[in-house]
2 protein chains.
Amino acid sequence: MARIRAVDRRLFLLIEIAARRLNREADKRLKAEAGVSAAQAGVLFLLLRRGQRRMGSLSKTLSLNPPAVTGLVDRMVRAGLVTKTTDQTDGRGAMVALTAEGSEAAERADIVLRDLNADLEARLGDEVSDILHDAFTRIVIAES
Amino acid sequence: MARIRAVDRRLFLLIEIAARRLNREADKRLKAEAGVSAAQAGVLFLLLRRGQRRMGSLSKTLSLNPPAVTGLVDRMVRAGLVTKTTDQTDGRGAMVALTAEGSEAAERADIVLRDLNADLEARLGDEVSDILHDAFTRIVIAES
DNA sequence: CCGGTTTCTTTCGGAAACGAACGAATCGGC
DNA sequence: GCCGATTCGTTCGTTTCCGAAAGAAACCGG
């Protein structure tokens, strides 16, 4: 409790700490139950829901700098989760798609994410969850 | 907007993306106006408010793993912002304290943080800010 | 059809974070 | 007083992310 008061009235710092905790918890569970990291799960989730996507699209959707996407996808290719090929309609673009193995991992990750989400929302309560959802959606949309 | 729907109903992913955005924005402003990174600002803020602290205390308060604190503080020592000495009362402990230069940087960082906080709260509104504050405090406290 | 611009991605160097494993110092039971 | 257990911090190797700059491909005005 005393620990909290130290960052009291700095919502910004509080969000960083909370995000770190949530990410650590999610990463641990995802690695144990789906065999992928939290960052990789974000990519898998998108590909599962929206189909194959270009690097730039992943970068924008996940709000990651292009170099971060390059590294992340490269490790996923090495792990056999996705393939990276040249976009047929635009030779500059690189298209990322799930492999069979990647699809299975994505399904498992999806279950874990759903579970984590349920836990989190249960901890917060429905009303607060909705407000948080709106607030963060606004932050993510803002100046995009 | 379409971009948001992709992570819709995954509060967890939304928080991660939002935290990344906020951190990137804060890091840029802190580097420009206070000459320190966002991670360093967190340490400076704590030392300014609570006085010298041991590594383990920083680790717990900021919810960072011990190795992360070692690296962070080492870079800050190299930058002349803090000193690291052996705790007099316990030879195992390492005490971290602000230098004169560090104090000045901490004051500047504090101003920037206050500013960022005001921006964020203005964007969210008072009521939502309070709810968010409570919610994240609960997350940070939980199972600590 | 061709040089310049724009768009997309990668390379580079560094900061920040993690888990696992290790060494040093203290503490506690005997 | 001593020795095992605990606590504290660091080292190691890896992942994830950033900004800046370079490289490659497509587009476009003349």
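Just so we're on the same page: letters track the sequence lines, and every chain starts at 1.
Taking 4.5 Å as the limit, every side-chain heavy atom of B/L98 sits out of range of all side-chain heavy atoms of B/L81. Using a 4.5 Å heavy-atom threshold, the side chains of B/D115 and B/R29 count as touching. Residues A/H133 and B/L14 form a side-chain contact, since some pair of their non-hydrogen atoms from C-beta on lies under 4.5 Å apart. A heavy-atom distance below 4.5 Å is found between the side chains of B/L46 and B/L58.
Put simply, chain A comes within 4.0 Å of DNA chain D, heavy atom to any atom, from D/dT15 to D/dA26, going 5' to 3'.
For the segment residues 77-86 of chain B, no residue has any heavy atom less than 4.0 angstrom from an atom of DNA chain C. Residues from residues 98-116 of chain B with heavy atoms under 4.0 angstrom of DNA chain D: there are none.
The ring pair (Phe, Tyr, Trp, His ring centres under 6.0 Å) check on A/F136 picks up B/F136, with sequence neighbours excluded. In terms of the side chain to side chain donor-acceptor pair (under 3.5 Å) criterion, residue partners of A/D90 (sequence neighbours excluded) are, by chain and number, A/R92. Applying the side chain to side chain donor-acceptor pair (under 3.5 Å) test to B/R53 and every residue at least two apart in sequence or in another chain returns B/S57. Under the side chain to side chain donor-acceptor pair (under 3.5 Å) criterion, B/K31 pairs with B/D27, sequence neighbours left out. Among residues two or more places apart in sequence or in another chain, the side chain to side chain contact (heavy atoms under 4.5 Å, CB included) test is passed with A/T83 by A/A97, A/T99.
Of the possible polar contacts, none joining the B/R123 side chain to the B/A118 backbone as a donor-acceptor pair under 3.5 Å is found. Panel note: side chain B/S59, backbone B/M55; no donor-acceptor pair is recorded below 3.5 Å. Using modelled atom types, no side-chain atom of B/R20 and backbone atom of B/I15 make a donor-acceptor pair closer than 3.5 Å.
For residues 95-113 of chain B, the pairs satisfying salt bridge (Lys or Arg N to Asp or Glu O under 4.0 Å) are A/R10-B/D110, B/R49-B/D110, B/D110-B/R114, with sequence neighbours left out. Residue pairs meeting the salt bridge (Lys or Arg N to Asp or Glu O under 4.0 Å) criterion with at least one partner in residues 65-89 of chain B, sequence neighbours excluded, are B/R54-B/D87, B/D74-B/K84.
Atom CZ of B/R54 is separated from atom P of C/dA25 by 14 Å (rounded to the nearest Å).
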Are there any protein N/O atoms within less than 3.5 Å of an N/O atom in nucleotides 16-19 of chain C, and if so, which ones and at what distance?
residue : atom : partner : partner atom : Å
C/dA16  : OP1  : B/S37   : OG           : 2.3
C/dA16  : OP2  : B/R75   : NE           : 2.4
C/dA16  : OP2  : B/R75   : NH2          : 3.0
C/dA17  : OP1  : A/R20   : NH1          : 2.9
C/dC18  : OP1  : A/R24   : NH1          : 2.6
C/dC18  : OP2  : B/N65   : N            : 2.7
C/dG19  : OP2  : B/N65   : OD1          : 3.4
C/dG19  : OP2  : B/N65   : ND2          : 2.3

Pairing of DNA chain C as dot-bracket, 5' to 3': ( ) intra-strand, [ ] crossing, | other strand, . unpaired, with Watson-Crick or G-U pairs under 3.5 Å?
||||||||||||||||||||||||||||||
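Sequence order on DNA chain D of the closest nucleotides to B/S57 and A/G91 puts B/S57 first from the 5' end.
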side-chain contact (heavy atoms from CB on, under 4.5 Å) evaluation trace for B/N23 with A/E16
CA-CA 7 Å; B/N23 186 66; A/E16 247 189 70; 3.0 Å; yes
